[in-house]
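Bear in mind the structure is a predicted one, so any value in this text is a computation, not a measurement. Nothing fancy with the numbering, it's 1 onward along the sequence.
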Amino acid sequence: MPAAAKVSKLNHNMASFPSKLFNMLNDPTTNDLICWTESGTSFLITDPAELAKRVLPRYFKHDRYSSFVRQLNTYGFRKVPQLQQGVLQPDDSSCTLIEFTHPRFTRDQPDVLLQVQRKAPRNKQLVPAQPAPSVLDELAAIKKNQLSIRNELKCIQQENQAIWQAILDARARSQQHQDTIDKVLQFLASAVSSRGLRSNKRRLMIGEQQEIANIDSPAFDLNDLVEGKWLHFSLSDKSIKCYY
């Protein structure tokens, strides 16, 4: 059975891009732009611009060669480096022949086209790495240390508040003591001043009494002394003698 007929029977099971690409390569009218190599294990593109202009719109809903190459990469096709005059040409070379290959995409084995599938997205292929037990232990130790530091800071904050309150209380007591001392000093100053005034007043009163006594005393008369009107007090030998 021809390869194209086999592919037509498998089209309902395989992806659309591999089947369309297979039919494109088996179309003799496109051999001047895209064709199988002699071995049938890869295919060649001779003119990408003309391929995009004349062939791609017949099989796909676009005419962009870059989109066609992107689809090839999505399905696992890889570009084969080309040798020209014994020299390996880079990918951006102006070499007209471009070759692609896939281990499950061959000319004589259309039955294995079902194995040509899209690559799984990289984010699905990557399995999240589980942290090593040592890392988990370190993280647990760090969290525990952070909790301990947080508790210590809380205790320090409470102690600082207590110290500040004690300072405020001490200031209040000191102000009360100072107020008491000021009142005592004012009282003492007032008492000393009042005592001085009383002493001066007493001196004045004694002086006035002496003056009054001098003025009111009668003149001395010898007859009065003889008649016993005068008393004379003599202080001698710690005794008092009275004469009439």
Legend entry - Residue list, side chain to side chain donor-acceptor pair (under 3.5 Å) with Q115, at least two apart or on another chain: R104
Legend entry - Residues that T30 engages under side chain to side chain donor-acceptor pair (under 3.5 Å), provided they are two or more places apart: none
Inset, instruction - Kindly indicate, with the supporting measurements, whether the criterion side chain to side chain contact (heavy atoms under 4.5 Å, CB included) is fulfilled by D108 and W36. - result: CA-CA 11 Å; D108 299 328; W36 292 102; over 6 Å; no
Rounded to the nearest 0.5 Å, how far apart are [atom1] of [X] and [atom2] of [Y]?
X: I142; Y: D137; atom1: CD1; atom2: CG; result: 11.0 Å
X: L72; Y: K79; atom1: CG; atom2: NZ; result: 11.0 Å
X: Y59; Y: F68; atom1: OH; atom2: CZ; result: 11.0 Å
X: Q176; Y: I181; atom1: CD; atom2: CD1; result: 12.0 Å
X: F43; Y: H102; atom1: CZ; atom2: NE2; result: 10.5 Å
X: R107; Y: L25; atom1: CZ; atom2: CG; result: 10.0 Å

Side chain to side chain, [X] and [Y], heavy atoms closer than 4.5 Å:
X: L56; Y: R64; result: no
X: F77; Y: V116; result: yes
X: Q165; Y: L168; result: yes
X: Q117; Y: Y75; result: no
X: F60; Y: M24; result: yes
X: F105; Y: F22; result: yes

Could you tell me which non-hydrogen atom of [X] sits nearest to which non-hydrogen atom of [Y], and how far apart they are?
X: S67; Y: H62; value: CB-CE1, 3.7 Å
X: I34; Y: L51; value: CG2-CD1, 3.8 Å
X: P57; Y: A52; value: CD-O, 3.3 Å

Inset, instruction - Group every Ile, Leu, Val, Met, Phe, Trp and Tyr by side-chain heavy-atom contacts under 4.5 Å, then state whether L33 and L44 land in the same group. - result: no
Legend entry - Cluster overlap F17 with F100, hydrophobic side-chain contacts below 4.5 Å: yes
Legend entry - Salt-bridge present (D47, R54; N to O < 4.0 Å): no
Legend entry - Short side-chain to backbone donor-acceptor contact, S174 and A170, under 3.5 Å: no
Inset, instruction - Could you tell me which residues satisfy salt bridge (charged side-chain N to carboxylate O under 4.0 Å, His left out) with R58, sequence neighbours excluded, listed by chain and number? - result: D27
Inset, instruction - With sequence neighbours left out, write down each residue that passes salt bridge (charged side-chain N to carboxylate O under 4.0 Å, His left out) with D63, or none if nothing qualifies. - result: none
Inset, instruction - Give me the one residue out of V80, T46, T37 that meets side-chain contact (heavy atoms from CB on, under 4.5 Å) with L97. - result: T46
Legend entry - Pairs touching residues 170-189 that satisfy salt bridge (Lys or Arg N to Asp or Glu O under 4.0 Å), sequence neighbours left out: none
Inset, instruction - Enumerate the residue pairs fulfilling side-chain hydrogen bond (donor to acceptor under 3.5 Å, both in side chains) with a member in residues 142-161, sequence neighbours excluded, ordered by first and then second residue. - result: none
